Amino acid sequence: MQEYNFTRIEAKWQDYWETNHCFKAEYDPNKKKYYCLEMFPYPSGKLHMGHVRNYAIGDAIAITKRMEGYNVLHPIGWDGFGLPAENAAIQRNIHPAKWTFQNIDSMKQQFKKLGFSFDWDREFATCEENYYKWQQVIFIKLYEKGLIEKREAPVNWCPHDETVLANEQVENGCCWRCGNPIIIKNMSQWFIKITDYAEDLLKDYDQLGEWPERVISMQKNWIGKSYGLHVNFKWKDKDFPIFTTRPDTIYGVTFMAIAPEHPLVGEIIESNKNKDELKAFVEKTIKEDKITRGSEEGEKEGVFTGEYVVNPFNGDQVPLYIANFVLAEYGTGALMAVPAHDQRDFLFAKKYHIPIKVVIQRPEKDLDPETMDEAYVAEGNLVDSESFTGLNNKKAMKKIIKHAEAKGFGEGKVNYRLKDWLISRQRYWGNPIPIVYCESCGPIPVAEKDLPVTLPLDVEFKGTGNPLETSDSFKHVPCPRCNKPSIRETDTMDTFVCSSWYFLRFCSPHEENQPINTEEANYWMNVDQYIGGIEHAILHLLYARFFTKALKDLQYINIDEPFKNLLTQGMVVSNSYYSQKIKKYYSPNELSDDKKICPETGEALIVKLDKMSKSRNNGVDPDIMIGKYGADTVRLFMLFAAPPERDLEWNEQGMEGCYRFLKRVYRIASDFVSSGYGDRYQGLGLNDIGSEESNSLNNSSANLLRQTHKTIKKVTEDFIHRLHFNTGIASMMELVNTLNSFKAESDTDYRILKVSIDILTRLLYPVAPHIGEEINRMLGHKTPLYKGSWPSFSEEWTQDENATYVFQVNGKVRAKEDLAVSLSEDELKDIALGHERIQQWLDGKKVVKTIVVPKKLVNIVVK
RNA sequence: GCGAGAGUGGUGGAAUUGGUAGACACGCAAGACUUAGAAUCUUGUGCCUUUGGUGUGGGGGUUCGAGUCCCCCCUCUCGCACCA
């Protein structure tokens, strides 16, 4: 018997796959395609277990689909631009490009050691000229189409990373990357008009296949569509527009509120005698960070401006307040307030003694501003609303909007919470925005023949300011149109732009004349299965959906949605051990066996499950695990321990279990080979077990044959239809348990054994490919499994001859019996009723009813 | 507050259509082999007062039968959150 030597086996097959380019995907319109893609990694330097899980899932899918006969595209590349490279430059004086490519090299080695079936011939990094050049071309096309513009706006500025951020990249008022609070600044910046596509983004969810409900709901939430009335109030002679989703309450407006950041604020407070006081309030509020202002507990504050605004519906003059809770970026930055029917307005009115006017009365007709202690927000009939009085408030909405439209002071409007995507970044290690500013011509795109605009080397990384500003050779260039000395844009693009179309470039990565080869992209797209972390629910997934739509409108492709099916895998988590006293996370290896006591202070440590990370000191190094157990075991465990969408708890003992399983598989196969029967049955397949032969089998080989068919059925269902690898693997373990105790004696037994091991090998291949190929070769197959086919089963052989019937009395199990499935309902009934153990329970009772469920149970109902 | 998801043995998890709850694995226990250990193998393992009772967060309901369907409640995780 040979030992399971994973080191030798894995090196051998990895070498074979690489040398023979086994997973190279070829464009062939005559073949049915399958595009399997995992979110490409940021080259941080080392793979972590989260990566291993992500790619183990994707690879299992890719391999299965190949075996099913699809032409599979399974590419890999690198999200090469980004801030960590620049930070490394500042801290360690290494150029971002060098740092990035070194990291790519080492991660690539790790990928190879894991044996993933990527098409390495399509590999690229977004920081390579041949990629970012084409992104600059796309930028210019979008710019020329009016989908990109530069404008002055209040934007999110991260003082720590010294760059602006898109709305999507601010979490709870903090930078998504470094976690420091952001501040709002007015700056002139580049925006991509994603808002033009808000409606398409909402509409096309129905083109998607399997997407997690929560991702869609998060996106819908983010886009934030609402219907309402855009109406012009009047301040002095000026229009004072607001947006409301409650036009039915328009006659109940008793004050107006405006955001402190609103451009009209200066003018409004100009003539006030308490001007300085008002100014102080505005400045104080703007300075407060977003978290305080946005929190629920945050006090609602405002100041009266001394000005009045006129309601165009009834001519009412209502006081105008500047209030801290009004958002400058939503709607028009000002709002109408109806204290009687909006809780926030109600609290504000009470605080500042503003009148309350009821315009919706509930059926009891008892609403009275004097006695109300909260706003009435339910349905009712309008009162005090001129010609609309008496109408149900919901029905009145449309009529009120129509009225405003007829009178010309307002219109029905759809409002979105989604803002345009701010893509400027004041950083070096990103794709340069290909624009030159000329004094006479204005902003001019760089000519395509001069692309790409490359990143200069004569820059300094000082840790303050944009390093590109320090490069004279980069900044000072002639105008592309008139040749006059001009200044080049020094902002680079948000790295999320790079990841918004990489899946399209994978379809034709070597295309030399355009960003995307339309024919090939139309063949491969869309991505049939996309796999990645939930953290990109809004960011990357929304941007990529938008980009796909915009590129369709530029006629590069003919599809609306990039990702047909999305799988968001859970995190890999493990226990973290935290000492509160010395504020330190311990690695499990530093602790004694019970892991609960701090070795330095003796206090009880805080133990909890956390996402694996460096900062919590609870990470497990994939390299060490691969060295100890082999890539197949590591991959198998990642798939076996939990279904993909759930968080996976790291447990090295679980790894041991998977390792034992593979060793057992290997032993069974090598025992068979050394039995001498291996050679005799070369080429023998499952379907070669003839029906005559199969009818004359003894019990144990008939069982094995049946279980083999059943395992194919189960694994097919789990791997292909449900993507629940854990249960498919479990059923293979059951088969192995049977094989383990199977004693082959006759020639027929050996034939069945051979076929069963063969099938097991093929089912195992997607989740443990090295050992799969090795055993396949050991069994004498000349064709490697990567060219093999997915096994099929015969339905007939998945059916047992006998089933364990449960006999119940009044729904309680009282007896069990193995019986032939061919028995009729009446026969079953008789057997159950005549059963000794059952009769005890029938004694003195009357049988009311008997239920027979084929192959399952007989339930006798008695009184 | 709104939205989504989850709650099953000592642990990870299974039960796809209402039909034996706990597959598979870990752990644990006993045993075999061994001078001993490691490895491997065998057997057992929800709980209890065991011819039986009880059990899928809690309470009710539908049904011959509920982890699964319906109603109410509790807890946890994630996302959004003054969105006018």
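Note: hydrogens, waters and symmetry copies are ignored here, and every other heavy atom, side chains too, is used. These numbers come from a predicted model, not from an experiment.
- The side chain of A:V861 lies closest to B:rC64 when the candidates are B:rC83, B:rC64, B:rG19.
- No hydrogens or angles were tested; on distance alone, nothing pairs the side chain of A:K849 with the base of B:rC64 as donor and acceptor under 3.5 Å.
- Taking the side chain of A:R667 as heavy atoms from C-beta on, and the options B:rG19, B:rC83, B:rU40, the nearest nucleotide is B:rU40.
- Side-chain rings of A:F243 and A:H230 stay apart, their centers remaining 6.0 Å or farther from each other.
- Of the candidate nucleotides B:rA14, B:rU20, B:rG27, B:rA14 has the atom nearest to the side chain of A:H724.
- Nucleotide B:rC83 holds its P atom 13 Å from the CG atom of A:N324, rounded to whole Å.
- Comparing B:rC78, B:rU42, B:rG19 against the side chain of A:L857 picks out B:rG19 as the nearest.
- Regarding A:K220, its NZ atom lies at a distance of 15 Å from the C1' atom of B:rC80, rounded to whole Å.
- One finds a side-chain N or O of A:R814 lying less than 4.0 angstrom from the OP1 or OP2 phosphate oxygen of B:rG53.
- Residue contacts shown for A:K714 include a base, since a base heavy atom lies under 4.0 Å away.
- Side-chain N/O atoms of A:N859 and base N/O atoms of B:rC64 include a donor-acceptor pair closer than 3.5 Å.
- Contact annotation: A:R664 side-chain N/O to B:rC41 OP1/OP2 distance is under 4.0 Å.
- When Watson-Crick and G-U wobble pairs are counted only if both distances are under 3.5 Å, B:rG3 pairs with B:rC78.
- Nucleic acid contact class of A:Q808 (heavy atoms, under 4.0 Å, all strands): base.
- Set against B:rG3, B:rU16, B:rA25, the side chain of A:S217 has B:rG3 as its closest nucleotide.
- Between the side chains of A:Y4 and A:T633, no donor N or O sits under 3.5 Å from an acceptor N or O.
- Atom OH of A:Y659 and atom C1' of B:rC26 are 18 Å apart (whole Å).
- Under 4.0 angstrom from either OP1 or OP2 of B:rA15 there lies at least one side-chain N or O belonging to A:R722.
- We find that CG of A:L327 is positioned 16 Å from P of B:rC80, with the value rounded to whole Å.
- Look at CG on A:L735: it is 16 Å from C1' on B:rA25, rounded to the nearest Å.
- With 3.5 Å as the limit, one finds no donor-acceptor pair spanning the side chains of A:N618 and A:S576.
- Taking only side-chain nitrogens and oxygens, A:N737 comes nearer than 4.0 Å to OP1 or OP2 of B:rA25.
- Using a 4.0 Å heavy-atom criterion, one finds that A:G657 contacts the sugar-phosphate atoms exclusively.
- In this structure, the CD atom of A:E329 is 13 Å from the C1' atom of B:rA81, given to the nearest Å.
- The residue among A:N221 and A:G331 whose nearest nucleotide of RNA chain B is located toward the 5' end is A:N221.
- Here, B:rA6 and B:rC24 have their P atoms 25 Å apart, quoted to the whole Å.
- In this structure, of B:rG13, B:rU40, B:rG27, it is B:rG13 that holds the atom nearest to the side chain of A:N726.
- No engagement by A:E656 is indicated, since no non-hydrogen atom pair under 4.0 Å with the nucleic acid exists.
- Side chain to side chain, A:N415 and A:S226 fail the donor-acceptor criterion of an N or O pair below 3.5 Å.
- Among the heavy atoms of the strands lying under 4.0 Å from A:K856 are primed sugar atoms or P, OP1, OP2 only; no base atom is included.
- For A:F325, the side-chain atoms get nearest to B:rC82 when compared with the rest of B:rC82, B:rU20, B:rA4.
- For the pair A:Y330 OH and B:rA81 C1', the interatomic distance rounds to 13 Å; values are reported in whole Å.
- Within 4.0 Å (heavy atoms only), A:D342 reaches no atom of the nucleic acid at all.
- When the P atom is used for both B:rA14 and B:rG22, the distance is 15 Å, rounded to whole Å.
- Nucleotide B:rC47: paired with B:rG53 (Watson-Crick or G-U wobble, both distances less than 3.5 Å).
- Rounded to whole Å, the distance from NE2 on A:H536 to P on B:rG79 is 14 Å.
- Rounded to whole Å, the P atom of B:rG67 lies 10 Å from the corresponding atom of B:rG19.
- A:F409 has its ring centre no less than 6.0 Å from the ring centre of A:F233.
- Note on A:K611 versus A:D647: no salt bridge recorded, every NZ/NE/NH1/NH2 to OD/OE distance being 4.0 Å or above.
- Between A:R646 and B:rG13, a side-chain N or O to OP1/OP2 separation shorter than 4.0 Å is present.
- With distances taken from any side-chain atom of A:Q653 to the nucleotides B:rC41, B:rA39, B:rG27, the minimum falls on B:rG27.
- Across all strands shown, A:T244 has heavy atoms under 4.0 Å from sugar-phosphate atoms exclusively, and none from any base.
- You'll find that the side chain of A:K300 is closest to B:rC82, out of B:rG19, B:rU16, B:rC82.
- Base contact: A:F640 has a heavy atom under 4.0 Å from a base atom.
- Classified by its glycosidic torsion, B:rG44 falls in the anti category, the angle being over 90° from 0.
- Look at B:rA38: it lacks any Watson-Crick or wobble partner with both distances under 3.5 angstrom.
- Among the heavy atoms of the strands lying under 4.0 Å from A:P643 are primed sugar atoms or P, OP1, OP2 only; no base atom is included.
- Checking B:rU40, B:rC24, B:rA84 against every side-chain atom of A:A730, the shortest atom distance belongs to B:rC24.
- Remark: B:rG67 base-pairs with no nucleotide in the shown strands. Criterion, Watson-Crick or G-U wobble with two distances under 3.5 Å.
- For a distance-only test at 3.5 Å, the side chain of A:K812 fails to qualify as a donor-acceptor partner of the base of B:rU20.
- Counting only distance, with no hydrogens or angles, the side chain of A:D345 and the backbone of A:V338 share a donor-acceptor pair below 3.5 Å.
- Both cation-pi conditions hold for A:R545 and A:Y205: the charged atom is under 6.0 angstrom from the six-membered ring centre and inside a 45 degree cone around its axis.
- Between A:R417 and A:E329 there is no salt bridge, since no side-chain N of the basic residue sits under 4.0 Å from a carboxylate O of the acidic one.
- Each of A:L335 and A:M733 was matched to the nucleotide of RNA chain B holding its nearest heavy atom; the match closer to the 5' end belongs to A:M733.
- Look at the P atom in both B:rU8 and B:rG57: the space between them is 6 Å, to the nearest Å.
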